[in-house]
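Some notes on the structure that comes next.
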Amino acid sequence: MDSPPYSFHKQNNMVYLKLCLILFMGCVPDTTNLCSNQFLATPTIIPYRLDPSHITSPFQTLSLDGYLSFDNNHHTAKDFGNIYHFQPSAVLYPKSVFDISCIIKLIFEMGSGSELTVAARGHGHSLQGQAQAHRGIVISMESLEGSPKMQVHIGKRPYVDVSGGELWINILHETLKHGLAPKSWTDYLHLTVGGTLSNAGISGQAFRHGPQINNVYQLEVVTGKGDIITCSEKKNADLFYAVLGGLGQFGIITKARISLQSAPKMVKWIRVLYSDFSLFSKDQELLISSANSFDYIEGFVIINRTGLLNSWRSSFNPKDPIQASQFSSDGKTLYCLEMAKYYNPDETDVMDQRTEILLSGLQYIPSTLFTSEVSFVNFLDRVHLSERKLREKGLWDVPHPWINLLIPKSKIHEFAEEVFGKILTDNINGPILMYPVNKTKWNNNTSLVTPDEDVFYLVAFLSSVVPSSTGTDGFDKILTLNRRILQYSATANLGIKQYLPHYRTQGEWRAHFGSRWKVFLQRKSSYDPLAILAPGQRIFKKAAPIL
C-alpha cells in the first residue's frame with residue numbers, strides 16, 4: 001500500500017482538496033481508439049491531468065473505514081494483459097462494504113455532469129484494461145479480503161461465505177480444513193472471487209458442474225447507485241443473474257456464498273496425444289457425456305513442438321518408457337487430452353480400475369500415455385508453479401494478448417481446419433487450450449453469452465510476448481496472428497462468441513449479446529443508469545442516464 005491506513009474524518013485539508021479536484025476534471029481527448037478489437041500495436045499509457053480551477057469539498061463529511069490514495073497509484077494502471085495502462089485519479093482501499101457504497105453513492109448523486117467512474121480491481125489479472133478507470137477511482141478489492149472473515153458452513157448443502165476480494169487459493173486452503181472444496185475452478189487460483197464471477201470462471205470441471213457462476217448460492221452487491229443489495233435465485237433474482245457473468249456492469253460483488261462438496265486428497269493426472277483431430281474431439285465429447293467419467297477434462301493443441309514427451313517427464317511417468325522415447329513430435333500438429341480422476345488413498349485400487357476402463361474406450365496414440373499422482377492442492381494450483389518459474393526469468397510481467405473463443409460443436413472441425421491447418425504454422429509462445437463443455441450444466445439466466453448449441457468448445461490462445469523479440473513471439477507478430485484468427489471468426493459466420501470479450505464499438509457489443517442485448521441494456525438502466533461502473537469494458541460511456 002502507498003500509505004498507512006487512516007480514517008477519512010482524520011485527514012487534513014490537503015487530502016480533501018485532492019479528492020475534490022478529481023471530481024471536476026475536463027475530458028482529455030482520446031489519443032487512440034480505446035475500444036478497438038484490433039489490438040494496439042504497442043502498449044498504451046494514458047496519463048491524467050488535474051484541473052485546479054474548480055475546487056469544492058463534497059466528500060468532506062464522509063468517514064471511511066479504509067482510505068483513499070492519490071499518489072503512486074501506477075500499479076492500478078497495469079494488469080496481466082499489460083497492453084492498456086490507464087491512470088486513475090485515486091484508489092480506494094476499502095475495509096468495509098460501506099466504504100464502497102459511500103463512494104459510489106456520492107458519485108451517483110453528482111449526476112451525469114461528473115465524468116468520474118469506478119472500476120473494481122481484484123488481483124489485476126484482466127487482459128484489456130477491463131479493471132482500469134481512466135481518471136476515475138479504482139477500488140482495490142483485495143483490501144476487503146477477510147472482511148468479513150471466511151466462514152465455512154457444514155451440512156447437507158455446505159457452502160462458504162467469502163469476501164468478493166478473496167482469492168480462490170485461500171478459499172481452497174480454508175475449506176479443506178473441513179474436508180470440503182468448491183466444485184468448479186479456474187486453471188489459475190490466484191484470482192479474486194468477484195473477478196471470476198463477473199466473467200464465468202471456467203476450467204476442466206465445467207463439463208460436469210458448469211462454470212463458477214453456476215455454483216453460487218447468494219451474493220452481496222453494491223450497485224451503480226451505491227445500494228447494498230443481497231441477492232439470490234429467490235431474492236432480487238434479476239440482479240443476481242445480471243451480476244453473474246455481467247462483466248462488472250451492474251454491481252460490485254462484495255460477498256459471495258459458494259457451493260461446496262466433499263474434497264478428495266489425491267488426483268491421478270493423465271495426458272495422452274492424438275495426431276487426428278477428429279479422434280481427439282470425438283473422445284473429448286464422449287468423455288464429457290459419460291455419467292462416470294473423469295473429474296477434469298481439458299485439452300491442448302501443440303504445433304511443431306520438438307521433444308514434447310521429454311518435457312513431460314519432469315512431472316509425469318510414461319506407461320511404456322521405450323515406446324515413449326521413440327515417439328517424435330517434430331513438425332507435427334498434435335492434440336493433447338488431459339484428464340484427472342479424484343480419489344482418496346484408500347480408494348486407489350478402485351480408482352485405477354475405473355481409469356483403465358475409461359482409457360480403454362479412447363483412441364489416443366498408445367505410446368503417449370503419461371500419468372502422475374499428485375495432491376488435490378498441487379493439482380489445482382499447478383499453474384502457480386509455472387508462474388514462479390516465469391517470474392524468476394522475468395517473463396511473467398510481459399504483454400499477454402490472449403484471445404478466448406467459445407465455438408459451437410458443429411463448427412469446431414471447420415475452425416480447426418482453418419486455424420490449426422492454415423493460419424497457425426508454428427506453436428505460439430504459450431498454451432492453446434481446447435476442450436468442450438455441456439451447456440446443459442450452465443444457467444442461461446446469467447449475463448454470460450454462449451453459442452446456441454448444447455455442446456461448445458473453449459479455445460484459448462494464451463500467448464506471452466518475449467521482450468525485444470522480432471520473431472513469432474514478438475508483440476507485433478502475435479497481434480497480427482490474433483487479428484487473422486479474430487477476422488476469420490467474425491467472417492466465417494460460425495456462431496462463435498468471445499469469452500472475456502473485448503470489442504471496438506457498442507454495435508459490436510450488441511452483436512455479441514444478440515437477442516439478449518435488450519435485457520442487458522434494461523439491467524444496466526436499472527442498476528447503473530449513469531454508467532459509473534466498469535468503464536474499462538468500454539461497453540457504455542458515462543453521459544446521460546441510460547434509458
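What you see below is based on every heavy atom in this structure, not just the backbone, and it leaves out hydrogens, waters and symmetry mates. These numbers come from a predicted model, not from an experiment.
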*I would like to know whether R523 and D238 meet salt bridge (charged side-chain N to carboxylate O under 4.0 Å, His left out); could you show each step before the answer?*
CA-CA 8 Å; R523 287 171 167 173; D238 185 65; 3.2 Å; yes

_V193 vs I171, side chain to side chain contact (heavy atoms under 4.5 Å, CB included): CA-CA, chis, key distance, verdict_ = CA-CA 9 Å; V193 168; I171 296 173; 3.3 Å; yes

_If you apply the rule salt bridge (charged side-chain N to carboxylate O under 4.0 Å, His left out), what do you find for R388 with E392, and how did you get there?_
CA-CA 6 Å; R388 291 199 297 267; E392 291 173 358; over 6 Å; no

*After noting the C-alpha distance and the side-chain angles of S375 and N378, does the key distance pass the side-chain hydrogen bond (donor to acceptor under 3.5 Å, both in side chains) rule?*
CA-CA 5 Å; S375 71; N378 287 345; 3.2 Å; yes

*Take K282 and E285 through the salt bridge (charged side-chain N to carboxylate O under 4.0 Å, His left out) test and state the conclusion after the steps.*
CA-CA 5 Å; K282 180 180 178 181; E285 292 166 15; over 6 Å; no

_Run I270 and F370 through side chain to side chain contact (heavy atoms under 4.5 Å, CB included) and show every step you take._
CA-CA 6 Å; I270 304 167; F370 278 63; over 6 Å; no

*asked:* Checking T186 against W168 for the side-chain hydrogen bond (donor to acceptor under 3.5 Å, both in side chains) test, could you report, in this order, the C-alpha distance in whole Å, the side-chain angles of both residues, the deciding distance, and whether it holds?
replied: CA-CA 9 Å; T186 57; W168 285 98; 5.7 Å; no

*Apply side chain to side chain contact (heavy atoms under 4.5 Å, CB included) to the pair M150 and E166, showing each step before the final yes or no.*
CA-CA 9 Å; M150 202 184 314; E166 192 67 76; 3.5 Å; yes

*Stepwise, does the side chain to side chain contact (heavy atoms under 4.5 Å, CB included) test hold for F277 with H413?*
CA-CA 8 Å; F277 179 79; H413 288 265; 3.6 Å; yes

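A distance-only check finds no donor-acceptor pair linking the side chain of N344 to the backbone of D346 [under 3.5 Å]. Remark: side-chain polar atoms of D295 are paired, donor with acceptor, to backbone N or O of Y342 under 3.5 angstrom. No donor-acceptor pair closer than 3.5 Å links the side chain of N438 to the backbone N or O of T440. Remark: side-chain polar atoms of D452 are not paired, donor with acceptor, to backbone N or O of G495 under 3.5 angstrom. The main-chain N or O of G471 is found under 3.5 Å from a side-chain atom of S469 such that the two form a donor-acceptor pair. Put simply, the side chain of Q130 gets close to the backbone of Q128: a donor and an acceptor are under 3.5 Å apart. Put simply, the side chain of S198 never gets that close to the backbone of G245: no donor and acceptor are under 3.5 Å apart. In this structure a side-chain-to-backbone donor-acceptor pair under 3.5 Å is present from T368 to L273. Between the side chain of T254 and the main chain of E220, a donor-acceptor pair closer than 3.5 Å is present. Without hydrogens or angle criteria, T175 side chain to L180 main chain gives a donor-acceptor distance under 3.5 Å.
Both tests hold for K332 against F327: distance to the six-membered ring centre under 6.0 Å, angle to the ring axis within 45°. Relative to the six-membered ring of F379, R382 meets both conditions, a distance below 6.0 Å and an angle of at most 45° to the axis.
In this pair, W396 and H125 present their aromatic rings tilted. The plane angle is within the 30 to 60° band. Ring geometry for H384 against Y188 counts as tilted: the plane angle lies between 30° and 60°, on a 0 to 90° scale. Note: H190 and H123 have tilted aromatic rings, judged against thresholds of 30 and 60 degrees for the angle between ring planes.
In the displayed structure, Q522 atom CD is contacted under 6.0 Å by more than 12 heavy atoms of other residues, nucleotides or ligands. The number of heavy atoms from other shown groups lying within 6.0 Å of CZ (R257) is above 12. The number of heavy-atom neighbours closer than 6.0 Å to CG of D454, taken from other residues, nucleotides and ligands shown, is 12 or below. Counted within 6.0 Å of CG on N310, heavy atoms from surrounding residues, nucleotides or ligands total more than 12; the atom is thus considered enclosed. More than 12 non-hydrogen atoms from other residues, nucleotides or ligands lie less than 6.0 angstrom from NZ of K183. Within 6.0 Å of CG on N493 lie no more than 12 heavy atoms contributed by other residues, nucleotides or ligands.
A distance of 6.0 Å or more separates the ring centres of F300 and Y435. In summary, the aromatic rings of Y335 and F280 are positioned with their centroids under 6.0 Å apart. Proximity of the aromatic rings of W402 and F80 is defined here by a centroid distance below 6.0 angstrom, and this criterion is met.
T450 and K439 share a side-chain donor-acceptor pair at under 3.5 Å. T355 and D352 share no side-chain donor-acceptor pair at under 3.5 Å. Of the N and O atoms on the side chains of E453 and S410, at least one donor lies less than 3.5 Å from an acceptor on the other residue. A donor-acceptor contact closer than 3.5 angstrom links the side chains of E298 and S203. Side chains of Q205 and S184: no donor on one and acceptor on the other come within 3.5 Å. Donor-acceptor pairing under 3.5 Å is recorded for the side chains of Y274 and D283.
When side chains are defined from C-beta on, I253 counts as touching V243, because their heavy atoms get closer than 4.5 Å. You'll find the side chain of S293 reaches within 4.5 Å of the side chain of L287, heavy atoms only. The closest side-chain heavy-atom distance from S259 to Y159 is not below 4.5 Å. No side-chain heavy atom of V301 sits under 4.5 Å from any side-chain heavy atom of V419. Inter-residue side-chain proximity for I302 and S329 is flagged as unmet; no heavy-atom pair is nearer than 4.5 Å. A heavy-atom distance below 4.5 Å is not found between the side chains of L462 and I403. Contact check for R157 versus L260: no side-chain heavy atoms found under the 4.5 Å cut-off. Considering only heavy atoms from C-beta on, L448 stays 4.5 Å or farther from L244 through its side chain.
Here the OG1 atom belonging to T472 is positioned 9.0 Å from the CG atom belonging to N427, to the nearest 0.5 angstrom. Taking CD1 from I365 and OG from S275, the interatomic distance works out to 4.0 Å, rounded to the nearest 0.5 Å. In this structure, OG1 on T480 lies 9.5 Å from CZ on R484, to the nearest 0.5 angstrom. Here CD1 of I423 is found 13.5 Å from CZ of R483. Values are rounded to the nearest 0.5 Å. Interatomic distance, CH2 of W509 versus NE2 of H502, reported as 8.5 Å (0.5 Å rounding).
The pair K255-D161 fails the salt-bridge criterion, with no side-chain N (NZ, NE, NH1 or NH2) lying under 4.0 Å from an Asp/Glu carboxylate O. Contact check on D330 versus R305 returns no salt bridge, with no Lys/Arg side-chain nitrogen under 4.0 Å from an Asp/Glu carboxylate oxygen.
Checking each of Q537, H512, E508, R510 against Y503 for a side-chain hydrogen bond (donor to acceptor under 3.5 Å, both in side chains) leaves exactly one that passes, namely H512.
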